[in-house]
Amino acid sequence: ESALSIIVRGPSLFHAVRAFGMTLLFLISEMTLSEATTQVALGWAARSGRNPRLVIDDVDTAEEAMRYELLSVLGESLDNVHRHAGPCEVSVELHEDHGFLALTVRDTGSGFDADTLRAAQAAGHHGVDGMQERMARVGGWCSVTGDPGRGTLVECRVPVLHRVER
């Protein structure tokens, strides 16, 4: 993108990011992680016109920072599908696995190779780095794997520190 287009779109992008952040704050304070994950995915579906397959188990954590970071990575992953994948199938999965919360976003779109990712990072695009940093902040990890012509897989895992009893 040119500097001029960023300047022109800057205010609207700022307001969109701010609105998403406020929505996330509401979701993490009022809903379980499972409910919030579903709402983020359905909101994205309404905005993008896509219909993701959702496989979301009833899981939660008392750690608000962990919920916030997982939902932020989910939003970034889905936005990347919309921007880069082209027409494809999309799935979102959330479950607990041996003491870890596992979030997976998978698409069957255009994918990417390591050279493409390195070139994007060199050009100042740091979405993947940001997702990995978000997960590291809460003691987890995030892997983003592309397969040209076959899609992209985002896998995140964070330890469950404090379960919410219902």
Side-chain angles (χ1 to χ4, degrees), residues 6 9-48 50 52-85 90-107 112 117-118 120-146 151-166:
I6 292 171
R9 291 184 15 199
S12 65
L13 291 174
F14 170 78
H15 292 294
V17 168
R18 185 169 186 245
F20 182 70
M22 296 302 287
T23 300
L24 281 184
L25 290 175
F26 170 77
L27 291 175
I28 65 170
S29 65
E30 300 295 323
M31 297 180 173
T32 67
L33 179 60
S34 298
E35 293 166 339
T37 299
T38 300
Q39 289 304 308
V40 169
L42 292 177
W44 174 82
R47 289 187 311 277
S48 69
R50 297 180 187 236
R53 183 177 68 89
L54 305 180
V55 181
I56 299 175
D57 292 348
D58 186 18
V59 297
D60 201 8
T61 177
E63 303 294 322
E64 283 194 9
M66 189 176 295
R67 286 189 297 200
Y68 182 85
E69 300 299 4
L70 279 166
L71 294 173
S72 295
V73 169
L74 172 61
E76 176 73 17
S77 298
L78 291 172
D79 286 345
N80 285 342
V81 170
H82 186 66
R83 283 192 301 265
H84 304 295
V90 182
S91 67
V92 175
E93 299 177 22
L94 177 69
H95 63 277
E96 186 175 339
D97 181 32
H98 298 92
F100 287 84
L101 291 173
L103 172 68
T104 304
V105 179
R106 181 185 325 263
D107 71 65
F112 64 90
L117 179 59
R118 280 191 291 278
Q121 290 168 327
H125 300 278
H126 299 289
V128 170
D129 294 334
M131 291 190 296
Q132 292 169 336
E133 289 169 7
R134 284 182 176 282
M135 291 296 91
R137 277 197 291 264
V138 291
W141 58 265
C142 179
S143 169
V144 181
T145 309
T152 300
L153 174 64
V154 178
E155 296 178 287
C156 301
R157 291 175 68 87
V158 291
V160 177
L161 302 176
H162 303 288
R163 285 184 179 75
V164 175
E165 300 298 327
R166 293 183 209 148

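All of these numbers come straight from a predicted model, not from anything done at the bench. Quick note: residue numbers are just sequence positions, from 1.
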Shortest non-hydrogen contact between [X] and [Y], atoms and distance:
{"X": "Ser34", "Y": "Val59", "value": "OG-N, 2.7 Å"}
{"X": "Ser77", "Y": "Val154", "value": "OG-CG1, 3.5 Å"}
{"X": "Phe100", "Y": "Pro159", "value": "CD2-N, 3.6 Å"}

Judged by atom type as modelled, is there a donor-acceptor pair below 3.5 Å linking the side chain of [X] to the main-chain atoms of [Y]?
{"X": "Thr152", "Y": "Gly146", "result": "no"}
{"X": "Asp60", "Y": "Leu33", "result": "yes"}
{"X": "Thr104", "Y": "Glu155", "result": "no"}
{"X": "Arg134", "Y": "Gly130", "result": "no"}

Given side chains that start at C-beta, do those of [X] and [Y] come closer than 4.5 Å, heavy atoms only?
{"X": "Val81", "Y": "Arg50", "value": "yes"}
{"X": "Leu54", "Y": "Thr37", "value": "no"}
{"X": "Val92", "Y": "Leu103", "value": "yes"}

Scan Glu63, Glu64, Met135 and name whichever one has a side chain to side chain contact (heavy atoms under 4.5 Å, CB included) with Glu69.
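One option only clears the test, and that one is Met135.
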
CG-CG distance between Leu94 and Leu70, expressed to the nearest 0.5 angstrom:
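Answer rounded to 0.5 Å: 7.5 Å.
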
